[in-house]
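Sequence lines set the chain letters: A, B, ... in the order given, protein chains first and strands last, and positions in each chain run from 1.
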Number of protein chains: 4
Amino acid sequence: MTDGKADQAPDGKDGKKEGGRAARPAARRRGRPPQPEAIEERRKQILAAAIEIFGRRGFHDATMQQISRAAGISVGLIYQYFRDKEDLLHAVISEILDSYLREIPAARATQTEPLERLHAAVRAYFRVVDEHRAAALIGYRESRVLPRARMTEIMARERETTGLIAESVEECRRAGVLQVADPELLTYQLVVYVHAWPLHAWRLEPQPGGEAYIERGMAQLLRPVQPAPEAPPVPSPARRNR
Amino acid sequence: MTDGKADQAPDGKDGKKEGGRAARPAARRRGRPPQPEAIEERRKQILAAAIEIFGRRGFHDATMQQISRAAGISVGLIYQYFRDKEDLLHAVISEILDSYLREIPAARATQTEPLERLHAAVRAYFRVVDEHRAAALIGYRESRVLPRARMTEIMARERETTGLIAESVEECRRAGVLQVADPELLTYQLVVYVHAWPLHAWRLEPQPGGEAYIERGMAQLLRPVQPAPEAPPVPSPARRNR
Amino acid sequence: MTDGKADQAPDGKDGKKEGGRAARPAARRRGRPPQPEAIEERRKQILAAAIEIFGRRGFHDATMQQISRAAGISVGLIYQYFRDKEDLLHAVISEILDSYLREIPAARATQTEPLERLHAAVRAYFRVVDEHRAAALIGYRESRVLPRARMTEIMARERETTGLIAESVEECRRAGVLQVADPELLTYQLVVYVHAWPLHAWRLEPQPGGEAYIERGMAQLLRPVQPAPEAPPVPSPARRNR
Amino acid sequence: MTDGKADQAPDGKDGKKEGGRAARPAARRRGRPPQPEAIEERRKQILAAAIEIFGRRGFHDATMQQISRAAGISVGLIYQYFRDKEDLLHAVISEILDSYLREIPAARATQTEPLERLHAAVRAYFRVVDEHRAAALIGYRESRVLPRARMTEIMARERETTGLIAESVEECRRAGVLQVADPELLTYQLVVYVHAWPLHAWRLEPQPGGEAYIERGMAQLLRPVQPAPEAPPVPSPARRNR
DNA sequence: GATGAATGAGCGTTCATTCAT
DNA sequence: CATGAATGAACGCTCATTCAT
């Protein structure tokens, strides 16, 4: 006997499946499902499993075997939809980026007041990150595994996303409901705050739920820059330098 | 500075290092006495190499072979100082946490004004993160590879670090130089902003150097919470903007 | 069950191991053998195993596992000496080509008479092919697996080998002991006849041993072109040639 | 003829190709009776594709997928006509052997002079090898993949083919137009020379076309054994029919 | 102490083969 | 009859870890 394959126990479970997504046993289908929409469904199915597993173990510790199991299919089938593991990673990141670009504009559209629109945008941003939790981090965490070309493309779309937030900030500024000295930085801080959620939120004492987390953060990040009724806003700390 | 990479220099100095470990069970006796300090130096040497390599390729892509090469020793020798690769990772993270706990108090001690002390603390924090760049991220990025017990210990020390910043914030609040409604959140945002440096800074347009990055961020994060109303703590009223 | 792989017992035996080469159990060595000559020995050991296995099952059916087993070492170790399976194939072919270039000149040097020298050269050529049996075919059989650059290099050395035979033929012609209208073709036929040994010899009825095979072939290939003592074997020498 | 590689064209030869498949459009009917001849046509279609692909990439590198694509059908269908890949290989070899046994006698029948008949036989042999190029080698190259029983059967038919050449040689001997000391060996050398074409011809300097290759070789292989004295040697291939 | 050759489990990936439709 | 999505065994290769020297 050569192998020693081991062959994995069904799953490692972990209790906190969190979203309950993934692992759907997948009707053990066989034969005819090539309907053009079925193929799209398969992709989604695999993608969901990949998001789940990548998110849970990280790109490197995730095995294709685990992903296929989570998707309820065989390993080989994954390779009919994705060139290789790296391609799958790229697809996962793309999927998340697509969510941003889909959800944020939709959320903004539900509001008319500039400040409301900004709030809606950030909340939508946050919701996507929260839904994909750890997976949303993959992009940065494992960025080095992607070839430069793909990285560049991803960063471009990431900037596009950021641009949506920036737009809302700018909208507020123009409307005079926000007195920002450095709009770009404010956008940046909002983005960073959102992304910090899965990574750093444990540091906050009254362990916040996502809802509370985002509201609390926005309140503090945006409040001071709102035209304080009477008092002049930022006094400018200026000089300060080493 | 903010440099990057390089600095292979073991580090050392301080002498006082590690009081506890000094117990040094002797052990391993054979002919050669353990040479107590030589042992400590080897550790440093390996740690430095590990920080370098982990930082550059990430935990998973780093091989023990690469680390040994970077340290100028053989693979086998690493295993005389660290149980396994994971143990080495833990040691790397510990090393960084030690730096925080060493550098931040030292920096605070150089100032007397509360606000100055806070600035100094954050700058010191930032400097450590910057120096270890990518390596500083390892902790979170690869956190899942560490067993829960170690994770808990690390988080505790991380909180200790955060506590140092929180203390300075509190100091400012008590001194009335900062009107924070939510001091804990402010601390959190400072911490997150610092850690975002190696991960998200590329999003900022005028690609900032480390120096500019931290000053710009602190200005915006701290400015609004300073008691602007009557006595502008900072003279120059200047709108300060781009 | 698909395979039928059989999965090999340490060896497939076959009875007619012929040369007894290969498979040497390899002292299960560990630790210090880095003497520069020892490394060369390892290479030889692996090469021998590869020749054996490639020869027996062909490049594609040979597994690295089988080769390592035949060499009495672990798979991993092979990769310390050869980049990958293809590199190993290239090394095997190179090894055989080197043998040609080493053995043929040596054999020619043992004789002084042109015809004797030619005989010696072909016999030496044959001996190398015979020793490596099937493996000698690998080059052509699996040529497509090698990148073009390597193929070109191999063909060049192959031509060099052929050149040695051609030289001997020419020598005979100049000495008047061989009346060849088309020396190049004669060389070609000798080469082809030698290489046909492992591939086609089964077609010959009185299943010939290698010794008999080569003598019989040379006799027929060379006899007619020798200046028949009194009566020129071929009447019209001239015409007919192209 | 004899061309070089390329020929991607689905198949080529025969002309009828393509149109044949069209014949049976209707179909899809359901109750369709097996159509005995249609079945045979499918086999041919698959066989042609297999020869093409096996010839181009070799048995191991050829995938069933590629073959099905080349045949313009689905993978599954191949398995309705051939048990497995190995069975397909066997069929391909059989097909070639059948060609030998069909073409050689036909060619001999076009001539009456013994020497002419031998020439015609070898040329026909060569033509089949040339047409199937690489594929003709498969038998030997991949012989090891076939179970012993099948190998034996193939070798028997191969010998039958060789027997046809041997017969012609014998014919010549009996007719006194060839003075062969070792007729079997001469036959063998002719066979080997023919098979060397796709494998070794690159060694010949004025890279010969197939036509030149075979004539040149036969001239040298047969000339010396012809009773030079009175009878004009080689009947001159010139006329060359077909 | 130090070395680095040696090991082998485990992963990504391919592809012959099956079978529901 | 035909399809091609689905399967999963098996292979090439890597790399953490060991241990004779």
Separation of Lys85(C) atom NZ from dC13(F) atom P, in whole Å? 8 Å
My understanding is that a pair needs two contacts under 3.5 Å, Watson-Crick or G-U wobble. By that rule, which nucleotide pairs with dA20(F)? dT3(E)
Length of the CZ-P vector between Phe82(B) and dT18(F), whole Å: 16 Å
Strictly below 4.0 Å: does Ser74(D) bring a side-chain N or O up to OP1 or OP2 of dG4(F)? no
Is any side-chain nitrogen or oxygen of Tyr81(A) closer than 4.0 Å to OP1 or OP2 of dA6(F)? yes
Taking every heavy atom of Pro147(C) against every heavy atom of Glu86(C), the minimum-distance pair comes out as CD-OE2, 3.0 Å
Residue whose closest nucleotide on DNA chain E lies nearer the 5' end, Leu77(D) versus Val75(B): Val75(B)
Rounded off to whole Å, could you give me the CD1-to-P distance for the Ile53(B) and dC15(F) pair? 13 Å
Nearest-angstrom distance from the residue atom CG of Leu88(A) to P of dT13(E): 10 Å
Look at the side-chain N and O atoms of Gln80(B) and state whether any lies under 4.0 Å from the OP1 or OP2 oxygen of dG1(E). yes
Evaluate the ring planes of His60(A) and His60(B), with Trp represented by its six-membered ring, and classify them as parallel (under 30°), tilted (30 to 60°) or perpendicular (over 60°). parallel
Using whole Å, what does the distance between atom P of nucleotide dT13(E) and atom CD of Gln66(A) come to? 14 Å
Rounded off to whole Å, could you give me the NE2-to-P distance for the His60(C) and dC11(F) pair? 13 Å
Is the phosphate of dA6(E), meaning OP1 or OP2, less than 4.0 Å from a side-chain N or O of Arg42(C)? yes
Nucleotide nearest Thr63(D) when distance is taken to its side chain, options dA16(E), dG12(E), dT17(F): dA16(E)
Could you check how far CE of Met64(D) sits from C1' of dG4(F), rounded to whole Å? 14 Å
Does the cation-pi check pass for Lys85(B) over Phe59(B), that is, NZ or CZ under 6.0 Å from the six-membered ring centre and within 45° of its axis? yes
Judged by nearest nucleotide, the residue sitting upstream toward the 5' end of DNA chain E, Gly76(C) or Ala62(D), is Gly76(C)
Quick check for you: among dA16(F), dA16(E), dC13(F), whose closest atom lies nearest to any side-chain atom of Asp84(C)? dC13(F)
Interatomic distance where CD1 belongs to Ile78(D) and C1' belongs to dC15(E) [whole Å]: 13 Å
Heavy atoms of Phe54(A) and Val92(A) approach each other most closely as CD1-CG2, 4.0 Å
Considering only heavy side-chain atoms of Tyr79(A), the closest of dA2(F), dT13(E), dT7(E) is dT13(E)
If you look at every heavy atom in Ala91(D) and Arg43(D), which pair is closest and at what distance? CB-NH2, 4.1 Å
